[in-house]
Amino acid sequence: MPFSVLISLPVAVWGAFAGLIVGHYELNVYAQIGLVMLIGLSAKNAILIVEFAKMKHEQGLGLVEAALEGAKLRLRPILMTSFAFILGCVPLAKASGAGALSRQVMGYVVIGGMLAASFIAVFLIPVLFYLVEKFSGGKKPHPATQPAPVGLEHVEAVVPASH
């Protein structure tokens, strides 16, 4: 599962470098801070899709159906958080005054990376999930080895007290 997430991160990094080129900026420490922030959010998006696809696959769907279902289920929340993040970084990209260059660089890196992660990686992550699971032998787990349903792992049997 981690490979599906890690392989999708270069898309966001590519978008960040495209943002630097569009803004005519160079890679400096502020751009690197923006890259760290960007990798965190784009990895979170990938983890959400892969986790839901894995869950659907364990419930019995085939790899293709599970990948598509995971992408469908998480598309709207991912787009909402990505666009909120992008719109929140617009003031950084349009900053003026003292120290504006550092904010502009960070804004362009994050906006470019999140646009790429939102529009390209959302379609690429299910494909990567399918490929990684297919090549790693993504077979359905045996019913006896499946994990307990979410929320029930700490439930203990209630035994009535004897008098």
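By convention here, the first residue in the shown sequence is residue 1.
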State yes or no: do [X] and [Y] share one hydrophobic cluster built from I, L, V, M, F, W and Y residues joined by side-chain heavy-atom distances below 4.5 Å, directly or via other members?
| X | Y | answer |
| --- | --- | --- |
| Y25 | V90 | yes |
| V29 | L101 | yes |
| M80 | I125 | no |
| V105 | I21 | no |
| F123 | F52 | no |

field: Check against side chain to side chain contact (heavy atoms under 4.5 Å, CB included), N45 and T81
entry: CA-CA 9 Å; N45 291 344; T81 57; 4.1 Å; yes

Taking C-beta and beyond as the side chain, do [X] and [Y] meet within less than 4.5 Å on heavy atoms?
| X | Y | result |
| --- | --- | --- |
| L27 | L35 | yes |
| L92 | V110 | no |
| L41 | K44 | yes |

field: Within 6.0 Å of CZ in F83, more than 12 heavy atoms from elsewhere
entry: yes

message: Is there a side chain to side chain contact (heavy atoms under 4.5 Å, CB included) between L128 and V50? Walk through the geometry before answering.
response: CA-CA 9 Å; L128 293 173; V50 169; over 6 Å; no

Of the non-hydrogen atoms in [X] and [Y], which two are nearest, and what is the gap between them?
| X | Y | value |
| --- | --- | --- |
| V11 | A121 | CG1-N, 4.0 Å |
| A46 | V5 | CB-CG1, 3.9 Å |
| A31 | E26 | CB-O, 4.4 Å |
| L61 | E69 | CD1-CB, 4.4 Å |
| P126 | I49 | CG-CG2, 4.3 Å |
| A93 | Q104 | O-CG, 3.5 Å |

task: For the pair E51 and R74, find out whether any cationic side-chain nitrogen is under 4.0 Å from an anionic carboxylate oxygen.
output: no

With rounding to the nearest 0.5 angstrom, report the [atom1] to [atom2] distance, [X] to [Y].
| X | Y | atom1 | atom2 | answer |
| --- | --- | --- | --- | --- |
| M114 | F119 | CE | CZ | 10.0 Å |
| K56 | Q59 | NZ | CD | 4.5 Å |
| L38 | F85 | CG | CZ | 7.0 Å |
| I111 | M106 | CD1 | CE | 12.0 Å |
| S8 | L124 | OG | CG | 7.0 Å |
| R103 | C89 | CZ | SG | 13.0 Å |

Plane angle bin for F129 and H57 - parallel if under 30°, tilted between 30 and 60°, otherwise perpendicular: perpendicular

- request: Walk me through it: do Q32 and V36 pass the test side chain to side chain contact (heavy atoms under 4.5 Å, CB included)?
  value: CA-CA 6 Å; Q32 292 171 5; V36 170; 5.8 Å; no

- request: State which residue, out of V13, L9, I47, fulfils the side chain to side chain contact (heavy atoms under 4.5 Å, CB included) condition with S42.
  value: L9

- prompt: Do any N or O atoms from the side chain of S118 and from the backbone of L115 form a donor-acceptor pair under 3.5 angstrom?
  reply: no

